[in-house]
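A short worksheet on the structure shown next.
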Amino acid sequence: MAKHDTPLLDELESGPWPSFVTDIKRQAEKKPECWDILGQLELSFKDRITHWKHGGIVGVFGYGGGIVGRYSDVPAQFPGVEHFHTVRVNQPSSKYYSTENLRHLCELWERHGSGMTNMHGSTGDIILLGCRTEALEPFFWDLTHEMGQDLGGSGSNLRTPACCLGQSRCEWSCFDAEEACHHLTMHYQDEIHRPAFPYKFKFKFSGCPNDCVAALARSDFAVIGTWKDNIRIDQAAVKDYVAGNIVSGGGAHAGGNWGDFNIKKEVIDLCPTNCMWMEGDELKIDDAECTRCMHCLNVMPRALRPGAQQGASICVGAKAPILDGAQFATLIIPFIEVSAENEFENVIEVIENIWDWWMEVGKNRERVGETMMRVGLPTFIKVMGIEPIPQHVKEPRSNPYVFWQEEEVEGGWDRDIDEFRARHAA
Amino acid sequence: MAKHDTPLLDELESGPWPSFVTDIKRQAEKKPECWDILGQLELSFKDRITHWKHGGIVGVFGYGGGIVGRYSDVPAQFPGVEHFHTVRVNQPSSKYYSTENLRHLCELWERHGSGMTNMHGSTGDIILLGCRTEALEPFFWDLTHEMGQDLGGSGSNLRTPACCLGQSRCEWSCFDAEEACHHLTMHYQDEIHRPAFPYKFKFKFSGCPNDCVAALARSDFAVIGTWKDNIRIDQAAVKDYVAGNIVSGGGAHAGGNWGDFNIKKEVIDLCPTNCMWMEGDELKIDDAECTRCMHCLNVMPRALRPGAQQGASICVGAKAPILDGAQFATLIIPFIEVSAENEFENVIEVIENIWDWWMEVGKNRERVGETMMRVGLPTFIKVMGIEPIPQHVKEPRSNPYVFWQEEEVEGGWDRDIDEFRARHAA
Amino acid sequence: MGYDPENPMADRITDIGPPHYAKFYPKVIADNKGKWLYHEITQPGVLMHKAESGDECWTVRVGAARLISIELIREMCDIADAHCEGKLRFTTRNNVEFMVDSKDKVQPLMDDLASRGNKFPVGGTGAGVTNIVHTQGWVHCHTPATDASGVVKAVMDELFDYFTSMTLPAQVRIALACCLNMCGAVHASDIAILGIHRKPPMIDNNRITGVCELPLAVASCPLGAVKPAKAEVNGEEIKTVKVNADRCMFCGNCYTMCPAMPLADPEGDGIAILVGGKVSNAKSAPKFSKLVIPFLPNTPPRWPETVAACKGILEAYAKDAQKYERIGEWAERIGWEKFFEKCDIPFTIKSIDDYRLAYDTWRTTTQFKYTSHTATYTG
Amino acid sequence: MGYDPENPMADRITDIGPPHYAKFYPKVIADNKGKWLYHEITQPGVLMHKAESGDECWTVRVGAARLISIELIREMCDIADAHCEGKLRFTTRNNVEFMVDSKDKVQPLMDDLASRGNKFPVGGTGAGVTNIVHTQGWVHCHTPATDASGVVKAVMDELFDYFTSMTLPAQVRIALACCLNMCGAVHASDIAILGIHRKPPMIDNNRITGVCELPLAVASCPLGAVKPAKAEVNGEEIKTVKVNADRCMFCGNCYTMCPAMPLADPEGDGIAILVGGKVSNAKSAPKFSKLVIPFLPNTPPRWPETVAACKGILEAYAKDAQKYERIGEWAERIGWEKFFEKCDIPFTIKSIDDYRLAYDTWRTTTQFKYTSHTATYTG
Ligand code: SRM
Ligand code: SRM
Ligand code: SRM
Ligand code: SRM
Ligand code: SF4
Ligand code: SF4
Ligand code: SF4
Ligand code: SF4
Ligand code: SF4
Ligand code: SF4
Ligand code: SF4
Ligand code: SF4
């Protein structure tokens, strides 16, 4: 039974959304330290401030990441959370599980930790929330030996890669996001576990431009599926949509009173490039003008499918606002084939090209996007050995401040002022 | 007859566009120094470089501007342009002239200068191109005494204001741009003639958002006409446009094969705010959504007119790229009445508000737009004593980096670390 | 035998990575991977994916708190064992997905879920509000300016009907980050709930020596507000830092680098609301969220001001936006001045950018709409 | 009696400003000011403005070189005296406007103009190319990187038919500035012809002392490339400056401040082409011109490369753009990658911004069109 009064938290037991308070209370019956989680959180609710100390370097031998150390700043009151370290367990691609696997993990966490988790962390890991320092090595031993699983990343290293569910259950996935994610995770175990970078580095893989794993917003290296040929059109299905035999958007708007589906208003007019039109009852697309924004496919999934020649775009440098303001990833490679056949070697080449440069010029705690900002996109593209293309930018520069190189300028830069003065009196 | 061979310049005597070379040659017959203009220019064409020395401080007593000093760097070869100073004569609003006035000016310039001019300079002045230092005072004497005219601005002062032709010949002008320009020019003679600013400052007045004097791109202080009520619609004329009885755009596209006028395609669909539609054969506008972009008026001048409650928007801070990159003027005052009745006192108030601040905090050679950039728009708006409104920006900030003031924060900023530590063990 | 503290390195296993995902596929997924034809959302929270083979994968999506116990995970396993050949998955927004291979297995699954109280709400699909991605807050982190799980619970309770329905113009993605580090894609969310500090860091001179590398602390400040300094600590002079409070914008990066510079504070901390961000490349390019409400107080346990703000924005949007229009696309179409008017949010100077790229956000045109904000000029 | 050098201040007149504009109005303007109803462009170069009174003002617009002699001005006066009650005006783009108060006076005026060779071309109205606003160049300025009048003459000769017709999708405004100071609204022109330097300034140590305030020279460089230095000038050490050439982007501001730092050079200097700017608030907000051709050589007397570049862009635009679409609006609709393809302009790294606000120009979306540029990736 409850060890602390939690009048404030108890307020969060009502309401239709699942209550983490109720859940923790239930867990506390089996794992009494959970009462102290509630107790300290109640105190934070009362004081309106966190009660965790700053950081704390803990980990398992030989790894530079995977554990986030955490200590209570009121341990006397809440001994159960005096140590409350997080363990980041690397999730399987796209987060499918067998109950057997999950039950085993729960069993381990019951044995070694608080019994509380996050399914999942924002980066993608399984977050096991709260254990004592002494428990870390035994847990790691059991995790590796009993389950054959491993930790994810933290610190200035490669962070745990993540992906959308890709081809496993999505008709739009233009490459095997899960396999790419898994393969590169295995390929870079050392980079994940042993910090060697200026700062953190994140991979994310989305099968199509809908970007369901938010790669473009959150990863230093975003691989986002696309295609290079034409959208595949099933004209019969188009007619069915127009006739109202198929619900548009797969029914995503079923709850609204939007009236009958209107292909002109809802698809053709909303195409950002205006590259669609009807010829009689046939839908036409000028694919050369298409930017593969997915809108028409999203609205008519049964009539329109991505082209058959599939691959991905690679965008680099997304990050949160600290320090220079948030950055989205910038399009660097417009199209690349992504396939297990060549063990993703062409993608790996791009990655290591970036790393080699960043590890050399990147400052401490400087994300690759920040390094790109500092040296400028032209320099970045040059050092990557990539041809500059208009697709790299939204628009050309509007200022005339070009850094010309001496070798580009006829006659070079050395000039003789006296000779100049001979022709131009001062 | 020609004093120098000018084979290169002679190439510019052919072709359909009026030739300044032919023109200068004709002038040279009466003003031989013009042969040296051609001679030195020919040399520049040959050498592909200017042959003018840097600057040169010349002027008339008591004025800090109005003359741009210029000396040849090859005077021995071209004595006629050894001195070649420019005189900036303040043009009348919107550049109407009587032939009498122009002839007199020509006569003065024949007497004192080279006989060459620019009608007009980019800022708006009459540019009298090329005279000797000794000629400056006599010319100025004659200009003021014989013609009752005066010099314009140069240097770190108020530059010669300019305007579009406004109500004099345009149906769209929402205020008397010419009178505003003239009145403020007279009001600020001292500021125009005697540098007292950190750097140059420019006024420009356009009667409507078409901005025919490019005020938004080129002036530190841009007054651009607009209206606050509804666009005036003449439905009969609308019908005439639809019926093709009136040529659209006043005939501006008459030369192209654009087919019949289509009000839906050419007006309604191109309205950037989509606030227009037809009800039967009546054109409707939801003026609350209108951003007064002028497009529909431009296309149907006989059917649509600006609202009757007219005034202007004031935008501040435009400039060329040196040093931080070009700036357009930023919307500061969304609507203000501009009228001779109150002698523009409300506009003057805004101007002096800006000047008082800029003269105090502006650095040497810092345009007001650069000062705004340096201190930030929020600070600028605050010091101007203006209510911040969403119209000041395209969009709200996307970074969370707000400079909170101590007085805004409950309890202020002073805190006792020991007291904090008492509650939070380190 | 398990871990032996005596010789920790003995038959140690490392760098084995995660298990191969394919082991965990339900059969219908394994059979049809890469061969899906299309999908349908047959009702809120229920997806049907059709494969070339004719197979169907029926997915029931269930909301979860993300901060969950192993007890709850075990209960999820019970459900998966009973209905889903012992397989399940989690989404990128922390919902749980139970998959079955035929339509007739859906209802029994739904009944089972319904029988378990409010633990497993079905929804989060299509044009609705799905789960809020969020971070640690007071449950685990050292730098938060607000709590995470508590705020999320309060907001989701209020918006629950939008989770279980698909009545909105488009999907609405809400995210919470408890400090400016913004763990999670808060900076590109339809509605972002962001914990912010408003008091400059304190300097703990008793503590700074040793725990803090002064040069790093100084370098950590993007605005150079942290400067080296000296102080006296019981009699003797020590090297420390001082903060120029007027140049501080409370990002907290100095505290991240230096434990002796805490800035959290009950009154100083609170929540900012940013809106109009999106991640997908659908229709329009990704957009950053924009700051529209600079500060709301921390009011546990239910943060009524924050809850009301989210709901107000959502309802104004639901009422006014066009089909398929994300919140940011709506705001840009009507103009931000109209956004503030329609959402009845007071515009403050805090929404005007003065950071690095600020100039690009200034309005450099005479095009604007008259709103309540311009009344003083036109009135 | 005129100016007396002996006592210059005697009955001096100052600060009297310009004459009042209204004195110079043609009668029909004076009578109808503020009462205009509408206008029509009855043929290229001829405008008819209709007043509420029923009066009509017929305007004939004539191109001029801007660099004109008093002889030519007098000839203009002759024309105005003969046809326009002795009144005329100049436009904001340096064209001349002759106004008459009835239609039947137009033809005689036109005939007179036509009778004077190519001095007074009629046109510059509507959807065509009007006069090029330009600056001084080698005729008068000390900092130019190219000439002005010569380039303009060459370009206008080539584009002349567009001046006398109205066949384009919209008005096209071309401007020339002979250096980065950009006198004139070059930075917001449909086509901007910009003189640029490409060699860092030389230091004239024999001259620098006295003519140049070193601290101002140092401060003048936006990139801090100018640093204080010492040099030896005939035996004695003097204070001077040095330039870090690798940080120089050739803006010329140091030369403006310090005459001892000339940077002009026959090979180094040339022309950059920027496109897609606009000033008006019509339809879309004002736009800056964008750098699409980083360098073309100075090739007097007729700058064929620059002329060809302008014509090429203009013709691609004329062929592809929609009615009312300015060049910048066209480029944004089709996408800049298509602009380069359709104009057959090679894309270079110089078009990628690396100045202060560069990040906002990076492409942060997967939305793009495949063009010749992406062939190496898709081929
Ligand atoms: C656990 C997690 C939040 C969560 O509840 O899910 C998390 C928690 C922390 N993050 Fe994070 N970040 C987490 C995902 C993210 C993400 C989202 C992502 O990875 O997709 C971001 C934004 C994307 C990005 O990387 O920019 C993120 C951006 C940051 C930053 C800012 C980095 C930057 O360059 O701007 C910091 C500050 C730092 O690194 O010192 C940070 C720092 C931290 C620290 C280590 C606090 C600190 O200052 O050292 C937090 C530890 C909290 C704790 O006590 O457990 N965390 N962090 C996420 C990792 C779980 C997992 O492994 O799955
Ligand atoms: C004569 C004129 C060009 C022309 O041929 O029309 C001109 C000529 C000069 N301008 Fe200008 N500017 C002229 C209009 C402009 C404009 C356009 C305008 O005023 O609408 C601009 C761009 C708008 C603006 O002010 O930003 C302009 C931006 C500059 C700049 C850059 C200022 C800046 O803040 O970026 C400089 C550099 C400086 O001030 O040192 C400059 C400097 C100069 C100097 C004085 C050269 C110098 O470095 O000192 C030029 C003297 C040339 C000569 O030998 O006669 N001129 N200058 C224009 C003035 C004529 C008149 O009074 O009507
Ligand atoms: C399951 C999940 C992927 C995963 O690996 O877990 C997923 C699954 C699907 N997404 Fe997604 N999306 C998922 C997160 C996302 C995210 C990431 C996020 O929200 O953090 C995004 C980007 C959000 C953004 O733009 O801010 C995302 C943007 C989309 C879009 C673009 C919608 C738009 O208008 O911008 C579509 C297309 C659509 O919905 O029409 C889409 C469509 C879909 C489809 C229809 C794809 C398919 O054919 O199966 C899936 C069901 C949609 C649905 O639930 O209504 N998915 N989707 C994620 C479910 C999250 C959840 O539990 O709610
Ligand atoms: C005479 C002049 C004003 C003056 O005080 O001298 C003038 C006069 C007119 N302008 Fe203008 N504009 C004049 C310079 C401008 C400028 C400034 C510039 O080019 O430097 C602009 C802004 C240019 C830009 O946006 O880059 C300008 C943008 C417009 C527009 C907007 C067109 C657009 O689509 O953006 C219109 C409306 C239209 O043409 O439909 C307009 C319309 C007009 C109208 C129709 C106004 C009227 O009802 O009389 C006048 C005749 C148009 C014509 O010539 O086709 N005027 N007009 C200027 C003639 C310059 C010349 O000799 O060619
Ligand atoms: S990103 Fe594309 S492929 Fe991946 S789940 Fe979303 S819609 Fe499907
Ligand atoms: S994917 Fe987007 S751009 Fe391409 S056709 Fe469909 S809607 Fe248009
Ligand atoms: S700016 Fe407006 S009012 Fe002035 S001339 Fe141009 S169209 Fe007429
Ligand atoms: S002025 Fe512009 S915004 Fe207003 S109705 Fe006309 S076209 Fe639309
Ligand atoms: S957002 Fe800030 S407070 Fe929240 S978990 Fe991340 S670092 Fe910690
Ligand atoms: S909070 Fe941020 S801005 Fe303030 S001192 Fe610390 S690092 Fe600098
Ligand atoms: S643009 Fe440069 S070179 Fe040309 S006149 Fe202006 S300052 Fe002189
Ligand atoms: S030209 Fe410009 S960038 Fe180069 S040194 Fe001079 S001021 Fe600096």
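Each chain gets a letter, A, B and so on, in the order the sequences are listed, and its residues count up from 1.
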Distance flag, aromatic centroids of D:Tyr25 and B:Tyr96, threshold under 6.0 Å: yes
Is [X] salt-bridged to [Y], cutoff N-O under 4.0 Å?
{"X": "D:Arg12", "Y": "B:Glu137", "value": "yes"}
{"X": "D:Glu267", "Y": "B:Arg48", "value": "yes"}
{"X": "D:Glu75", "Y": "B:Arg26", "value": "yes"}
{"X": "B:Glu266", "Y": "D:Lys323", "value": "yes"}
{"X": "D:Glu40", "Y": "B:Arg302", "value": "yes"}
{"X": "B:Asp211", "Y": "D:Lys278", "value": "no"}

Regarding [X] and [Y], is there a side-chain donor-to-acceptor distance under 3.5 Å anywhere?
{"X": "B:Glu178", "Y": "D:His20", "answer": "no"}
{"X": "D:Thr59", "Y": "B:Arg169", "answer": "yes"}
{"X": "D:Thr14", "Y": "B:His193", "answer": "no"}

Close side-chain approach of B:Ser44 and D:Asp147, heavy atoms under 4.5 Å: no
Note, D:Arg74 side chain near B:Glu110 side chain (heavy atom, < 4.5 Å): yes
Leading residue by heavy atom contact count with chain D [cutoff under 4.5 Å; candidates B:Cys293, B:Gly124, B:Ser168]: B:Ser168
Atom pair CG/CD of B:Asn118 and D:Gln136 - distance to nearest 0.5 Å: 4.5 Å
Distance (rounded to the nearest 0.5 Å) between B:Ile322 CD1 and D:Asn253 CG: 5.0 Å
